[in-house]
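Single-structure report; data block below.
Proteins come first, then strands; the chains are lettered A, B, ... in the order of their sequence lines, and each starts at number 1. Values below: every heavy atom of this structure, side chains too, minus hydrogens, waters and symmetry copies.
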Amino acid sequence: MNALQVFFAMGGYARYVWPAYAVFFIVLIADSIAPRLRRRRELRQLRARMARQEARSAGCILPTPSST
Amino acid sequence: MTRPGLTAACGAMLRRDLTLAWRRRSDIAMPVLYALIVTMLFPFALGPEDALLQRIAGGVILVTVLLAMLLALDAMFSSDIDDGSLEQLVLVPQPLAVMLAMKILAHWLTTALPLIVITPLLAAMLHLPASVIPVLLLALLLCTPLLSLFGAILVALTAGTRRSGMLLALMLLPLCVPALIFAAGAVAAAQQGLSWIAPISWLAATLVLTLVLAPLACAVALRIALDS
Amino acid sequence: MSNWIPLWLHKLSSPPTFYRFAGVLRPWALALALVFGVIGLYGGLVLAPPDYQQGDAYRIIFIHVPCAWMSMFIYAIMGVSAFVALVWRIKLAEVVAMQSAPIGAAFTFITLVTGSLWGKPMWGTWWTWDARLTSELVLLFLYLGVIGLYQAFEDRRQGARAAGFLAIIGVINVPIVHFSVDWWNTLHQGSTVNIFGPSKISWDMLWPLLAMTLATKFYYAASLFLRAQTDLLSMESGKDWVRRIAASEVDQ
């Protein structure tokens, strides 16, 4: 066995150690992606609302009532 | 205009809530029926051996009573929120905490007391030895007011939300762990012939502390939830 | 001389100032978290020698213990800022309290899962009703209760105050749970596993642990800043400063 295999075998405890580290990284990555997605969604909604307001103030009549 | 004294106001509050509860008697019966049915299910699920049922009886009854109270908890303030009388209550000149304590007392009398009354029946269904039943009743007498008081804080917090019973369970059940542990500990100790004074004393001490603090916390929670 | 601190704090608690402040600090916090994380993981997984009793299984400690510390640390932060929010009605304190909750729940979840993955080879069981484990589980339920209550309200500030109050009740409750489960364990002697005996940890194992602790602290800061920024954006979406940001940041 080469050194890398020894490292990944974790002295026979690989099936406990690596899942633990996997959970750690998966949960934290999910935790850091969630606000990024939310931020993008919020900004997109806000831009849409700003565009609607601009269109209204320019004199267009919108088919849907805006909920601002 | 003379304002009524605190005792008169408390009496009126209690009388009102009890009258309202009495007018809807079937609501009082529901938690009792629920507890009976849940207790009935355990022997069918686990088998009818006396020894096994005796061993689990105390815990099963405590958890069943806890869940039955949880079911009834949602209704503590809901009708008062719907008809707006809770907002009136916040405005009365008497201290809100005391008024809420009366409401909690009325709720305890109408939901927990019937459950305690039928507890000997539940205990008999699970073959709990008769000598343990007084300890079980004492534990329930100390434990159910704790649940009502904790529950009142949480129900007050959720007063301003769309109603959600699951959320109430999620918030209340972790808070109940200590009360359940001590109540069940007392019953288990009595069953093994050991002294059950220690856990009962802990429960009583916790109850005294909660009795003082919970109405105040409930008042704060209600002001938060109704303030908009 | 001493009133520049309250002044500075007062200024910082205004949403646009905090937004900029968080934006400046966030990359640094994230970079520090990554640096300390890489150092700690290298030290813990490669350099540290295997434990003479537990072999390599103990290497879970390098994520389990920092996450357990974080789960309590974040709860403390949440409780304190909820208290500040309730007493002084500072909007930023509400944001910090409520945006800490999901991060704390994530760390608590990691603690529980890694603890059970560590417990299986060491004590032969995934779970035991020990006071620490039970308190940690109750802590997770408290986090979830806070998040659930916050989201049950239509009005966000009202939700933050109500959930903050629940968090404060929880601060009182967690030690009581810990104590009562300890008491319960003495009653049920048979089922206790003596897990946390006094042990000396060698320096080779300690420094990666400390590095990972710092990494999780900085990660929390970075994640909190991002969440708080996002929350401020949606909370203040009618204000000019948010509109300027929305107009200047066109993604995809």
Side-chain angles (χ1 to χ4, degrees), chain A, chain C residues 30 33 37 41 44-46 50-51 54-64 66-67 99 102-103 105-107 109-122 212 216 219-220 222-231 233-235 237-238 242-243 245-247 249-252:
Chain A
M1 275 210 298
N2 62 33
L4 209 59
Q5 275 172 319
V6 171
F7 174 70
F8 282 115
M10 273 291 151
Y13 289 116
R15 68 202 181 90
Y16 301 109
V17 174
W18 295 121
Y21 278 84
V23 166
F24 177 74
F25 282 109
I26 290 170
V27 171
L28 288 190
I29 288 170
D31 171 78
S32 51
I33 288 177
R36 283 190 173 78
L37 292 179
R38 185 179 155 211
R39 180 193 163 89
R40 186 184 291 185
R41 196 176 61 233
E42 299 277 359
L43 285 178
R44 197 183 299 141
Q45 279 172 0
L46 183 59
R47 272 194 297 274
R49 200 187 326 154
M50 280 158 65
R52 277 202 304 274
Q53 281 174 351
E54 227 160 88
R56 191 164 26 162
S57 63
C60 300
I61 294 153
L62 288 169
T64 51
S66 128
S67 61
T68 44
Chain C
L30 198 58
L41 285 180
L45 289 173
V46 181
D51 187 73
Q54 305 195 358
D56 282 316
Y58 89 96
R59 291 185 200 277
I60 295 175
I61 201 176
F62 299 115
I63 47 175
H64 175 71
C67 288
Q99 299 308 313
I103 315 173
F107 276 115
F109 177 76
I110 296 172
T111 309
L112 286 167
V113 172
T114 56
S116 118
L117 280 165
W118 192 8
K120 183 64 183 162
M122 287 305 109
M212 285 306 285
T216 48
Y219 174 80
Y220 164 62
S223 183
L224 178 64
F225 284 148
L226 182 59
R227 281 171 187 274
Q229 278 188 315
T230 309
D231 203 44
L233 281 185
S234 69
M235 210 182 231
S237 60
V242 178
R243 285 163 180 261
I245 289 167
E249 259 180 66
V250 180
D251 47 27
Q252 78 254 331

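- The shortest distance between side-chain heavy atoms of A:Arg49 and C:Ser237 falls below 4.5 Å.
- Of the listed residues A:Arg38, A:Arg41, A:Glu42, the one with more heavy-atom pairs under 4.5 angstrom with chain C than any other is A:Arg38.
- Atoms CZ and CZ, from C:Phe107 and A:Phe24 in turn, are 6.0 Å apart once rounded to the nearest 0.5 Å.
- Applying the side-chain hydrogen bond (donor to acceptor under 3.5 Å, both in side chains) test to pairs two or more places apart or on separate chains, none has a residue in residues 10-27 of chain A.
- Put simply, of C:Asp231, C:Val113, C:Thr111, C:Thr216, the one with the most heavy-atom pairs under 4.5 Å next to chain A is C:Asp231.
- Heavy-atom distances place the side chain of C:Met122, and not its backbone, under 4.5 Å from chain A.
- Here the side chain of C:Arg227 pairs a donor or acceptor atom with the backbone of A:Asp31 at under 3.5 angstrom.
- Annotation: maximal heavy-atom pairing with chain A below 4.5 Å, among C:Thr114, C:Leu233, C:Leu226, C:Leu45, occurs at C:Leu45.
- Here the side chains of C:Ile110 and A:Leu28 are in contact, with some heavy-atom distance below 4.5 Å.
- Distance check: A:Phe25 CZ to C:Ile63 CD1 gives 7.5 Å after rounding to the nearest 0.5 Å.
- C:Tyr219 touches chain A through its side chain: at least one heavy atom from C-beta onward sits under 4.5 Å away, while N, CA, C and O do not.
- Remark: the backbone N or O of C:Ala246 is paired with a side-chain donor or acceptor of A:Arg47 at under 3.5 angstrom.
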